[in-house]
2 protein chains.
Amino acid sequence: MKLSRQQPLFRETITIQPENQSSPVRWITDWKTPDDLWYRRNHYPYPAPNLDGLQVVGVVQRPLTLSCEEIRSRPAKSVVAVMECAGNRRTLFRPRVYGVPWNEGAISQAEWTGVPLRDLLLEAGICSTAREVVFWGTDGEGEENGPFARSLPLGKSLHPDTLVAYAQNGQLLSPEHGAPLRLIVPGWYAMASVKWLSRIEVITEPFQGYYQKEDYHYYPFPDSDEGKRPVTVLRVNSLIRHPHDFSVLKTGHHRVEGLAWTGKGVIRRVEVSVDRGAHWYSAQLQQRPWHHPYAWVQWSWNWKTLQPGKYEIWSRAVDTAGRMQPLRAKWNRKGYGYNAVGRSRVQVE
Amino acid sequence: MKLSRQQPLFRETITIQPENQSSPVRWITDWKTPDDLWYRRNHYPYPAPNLDGLQVVGVVQRPLTLSCEEIRSRPAKSVVAVMECAGNRRTLFRPRVYGVPWNEGAISQAEWTGVPLRDLLLEAGICSTAREVVFWGTDGEGEENGPFARSLPLGKSLHPDTLVAYAQNGQLLSPEHGAPLRLIVPGWYAMASVKWLSRIEVITEPFQGYYQKEDYHYYPFPDSDEGKRPVTVLRVNSLIRHPHDFSVLKTGHHRVEGLAWTGKGVIRRVEVSVDRGAHWYSAQLQQRPWHHPYAWVQWSWNWKTLQPGKYEIWSRAVDTAGRMQPLRAKWNRKGYGYNAVGRSRVQVE
């Protein structure tokens with residue numbers, strides 16, 4: 001069976017208020033996720049359009065207020081990057097954890113176009129007391145823990161690929177994905193890529209906002225906050241798109257297909273096992289990862305199975321930073337960063 | 001939180017060839033499932049349109065060939081009936097079973113309009129040697145185990161609510177749901193309601209087709225066919241629509257909402273427990289079930305929870321035939337008829 005787009009595909013509703021919808025990532029063959037199939041992740045109702053442009057303030061020499069037109073008239077940069085919610089595949093943690101019950105679809109990919117954040121920060125002039133940069137969205141203004149805001153360290157803020165983006169796949173951002181301006185932080189989990197961006201603030205102390213200090217941490221223990229660590233860079237990860245978990249196959253040739261991605265370096269290789277890890281075979285990577293370091297890699301492996309029975313197909317990605325997917329994901333109370341080996345259990349008849 | 005239709009809802013792709021898509025049943029507040037949100041269940045690719053009308057043949061005194069126009073010109077009957085795939089919620093069986101991995105969405109509801117099958121059979125004149133009636137679809141012609149065909153006992157065939165239907169929710173059937181004609185067998189699992197119906201055949205021996213003799217049976221053992229029993233009438237069942245499994249709630253008042261349905265009699269009551277079955281409380285039924293005996297019932301129960309902690313919300317339906325949902329569904333190899341109590345595990349903060 002080959003993946004195909006003959007049948008209509010849709011997003012799936014995970015929660016309705018606020019709107020959280022997952023992408024049918026398993027079925028999408030397009031390299032860039034079509035706009036109508038992008039996952040949607042919200043902490044609050046959609047905000048009213050921000051017509052006030054973007055402020056760059058805080059410990060800077062020349063505070064800026066820029067209209068969207070001004071930002072769009074500057075030298076632009078485009079980056080293809082995967083966007084993955086930190087809670088993607090939360091439902092796979094054992095013991096189960098509470099939170100938005102994402103299966104595999106809190107992930108999508110686009111070409112982002114915008115202005116390097118670095119250009120704006122350098123134009124404003126960062127003072128020597130600067131320590132972090134805070135990004136304020138307009139979602140959740142006046143609500144508990146709102147508005148949504150996150151900070152980045154100076155280094156990541158000045159990385160040439162960190163963008164203040166206004167376009168997704170060649171179209172101006174939609175209201176659902178942060179219009180008119182959003183941050184894009186390639187290689188980090190998606191909570192860093194603040195949508196509906198209205199203000200950039202350079203600060204001198206670690207940011208204390210709710211989504212920075214409380215939420216989006218790995219809490220290793222069920223009943224204590226000890227050992228909490230912030231969620232940052234994407235873990236090395238992979239997904240089996242075909243065959244489906246618990247599907248029934250005929251004996252013969254099957255093309256095992258999937259995606260792999262990482263936030264550190266690029267995917268070096270993907271391995272497949274059909275005997276619970278006793279043997280691993282190298283999958284073929286369909287796109288040379290170094291052309292688009294932040295993008296996912298499509299991989300495939302041809303499986304010839306002549307013996308009826310029950311099999312577990314596992315996929316394991318390795319990145320150039322030397323990171324490899326574990327057999328079991330590191331449990332954490334809020335269910336972030338699930339990255340155990342991809343797994344499809346099939347019955348061959 | 002109230003369920004709401006402010007956000008767009010979609011079907012979810014379960015398999016793509018053939019097309020199997022589930023309905024976002026949890027989120028639909030309409031009493032009749034809107035046509036674009038109906039689940040889709042196929043064994044084969046969609047068949048070409050059948051322009052040859054309907055044959056009634058076999059051991060009958062006057063074989064009939066009827067055009068769709070002739071059928072639509074006869075006295076019509078409408079029935080509101082739930083349609084549930086026998087494999088709905090297959091993913092909840094433990095141990096897991098292989099097959100189309102339906103979660104909760106292989107269920108929808110419509111008002112069906114057509115001609116009572118009984119009228120056609122009586123017009124054709126059933127011979128005294130008749131034992132069963134076979135319904136032939138046009139899907140899967142020339143393919144393995146095809147075309148799709150199923151039989152009914154004479155009694156159910158002659159039931160005044162068993163219809164040869166041409167309309168769903170007041171519109172002519174769509175190609176995806178069996179146009180131009182399909183069978184509707186209220187109160188039975190959906191495999192009985194043969195789509196793309198082209199031929200009705202009265203026979204003298206039990207029908208031996210694949211979907212009648214092999215598939216759609218409860219196989220109680222993993223490795224033997226002993227004790228197999230055919231899938232027929234809908235089991236008594238319920239679903240919690242809100243709150244979502246593994247969601248996080250605030251202390252206070254919550255409206256627990258859901259659906260209940262059965263294939264025998266009507267729903268007599270629905271009970272809710274928040275302490276793993278130690279106490280059960282009666283939910284309010286929002287529609288008087290006896291008006292539409294084959295339709296699902298919406299129910300709700302107001303939960304006041306002041307104590308933070310982890311809770312399991314269970315729902316349990318009882319029908320007028322005295323059947324009650326079990327705590328654990330009866331395991332069977334193909335994963336049919338899941339009907340354990342509805343369950344939502346929530347964390348109250």
Side-chain angles (χ1 to χ4, degrees), chain A residues 1-22 24-29 36-37 40 42 45-46 90-91 93 95-103 105 144 176 222 241-250 310 333-335 344-349, chain B residues 1-22 24-29 36-37 40 42 45-46 90-91 93 95-103 105 144 176 222 241-250 310 333-335 344-349:
Chain A
M1 194 183 95
K2 249 190 93 45
L3 298 180
S4 137
R5 276 299 301 276
Q6 294 168 351
Q7 309 296 352
L9 295 175
F10 304 101
R11 305 187 301 275
E12 180 195 0
T13 293
I14 305 296
T15 73
I16 212 158
Q17 281 176 342
E19 183 178 64
N20 285 301
Q21 297 180 331
S22 66
V25 62
R26 164 183 305 273
W27 304 108
I28 300 173
T29 50
D36 62 323
L37 298 182
R40 296 180 174 187
N42 291 285
Y46 289 108
R90 172 177 287 134
T91 56
F93 278 105
R96 290 281 304 261
V97 294
Y98 295 84
V100 179
W102 294 110
N103 295 311
E144 190 182 356
E176 291 80 8
R241 296 167 78 190
H242 176 75
H244 202 302
D245 201 15
F246 285 101
S247 57
V248 179
L249 304 179
K250 306 271 177 208
K310 290 172 183 168
R333 188 168 80 220
K334 288 193 162 224
S344 266
R345 290 151 284 188
V346 300
Q347 180 173 317
V348 176
E349 290 185 340
Chain B
M1 194 183 95
K2 248 188 93 44
L3 300 178
S4 138
R5 277 297 304 274
Q6 295 170 349
Q7 310 294 352
L9 295 175
F10 305 101
R11 304 185 302 272
E12 180 194 2
T13 292
I14 305 297
T15 73
I16 212 158
Q17 282 175 342
E19 181 177 67
N20 286 301
Q21 297 181 331
S22 67
V25 61
R26 164 183 305 275
W27 305 109
I28 300 173
T29 49
D36 62 322
L37 299 181
R40 295 179 175 187
N42 291 285
Y46 289 107
R90 172 177 285 132
T91 57
F93 278 104
R96 290 282 303 259
V97 295
Y98 297 83
V100 179
W102 295 110
N103 294 313
E144 189 183 357
E176 291 80 8
R241 299 167 77 190
H242 176 75
H244 203 302
D245 202 15
F246 286 101
S247 57
V248 178
L249 305 178
K250 306 274 176 204
K310 291 170 182 169
R333 189 169 80 220
K334 288 193 161 223
S344 265
R345 290 151 283 189
V346 300
Q347 179 171 319
V348 175
E349 290 185 342

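- Proximity to chain A is absent for every atom of B:V100, based on heavy atoms less than 4.5 angstrom apart.
- With a 4.5 Å cut-off on side-chain heavy atoms, B:T91 and A:D245 do not count as touching.
- Between B:Q21 and A:F10, the closest side-chain pair of non-hydrogen atoms falls below 4.5 Å.
- Contact of B:Q347 with chain A is made through backbone and side chain together, with heavy-atom distances under 4.5 Å.
- With B:L9 as the partner, the side chain to side chain contact (heavy atoms under 4.5 Å, CB included) test is satisfied by one option alone out of B:L37, B:V25, B:T29: B:L37.
- Contacts of B:E144 with chain A are made by side-chain atoms alone, with heavy-atom separations under 4.5 Å and no backbone atom involved.
- Contacts between B:P101 and chain A at a heavy-atom distance below 4.5 Å involve the side chain alone, from C-beta outward.
- Closest approach of B:G99 to B:R90, counting heavy atoms only: C-NH1, 3.7 Å.
- Chain A forms the most heavy-atom pairs under 4.5 Å with one residue out of B:K310, B:E12, B:R345, B:R96, and that residue is B:R96.
- For the side chain to side chain donor-acceptor pair (under 3.5 Å) with B:N20, the qualifying choice from B:T15, B:N42, B:T13 is B:T15, the only one to do so.
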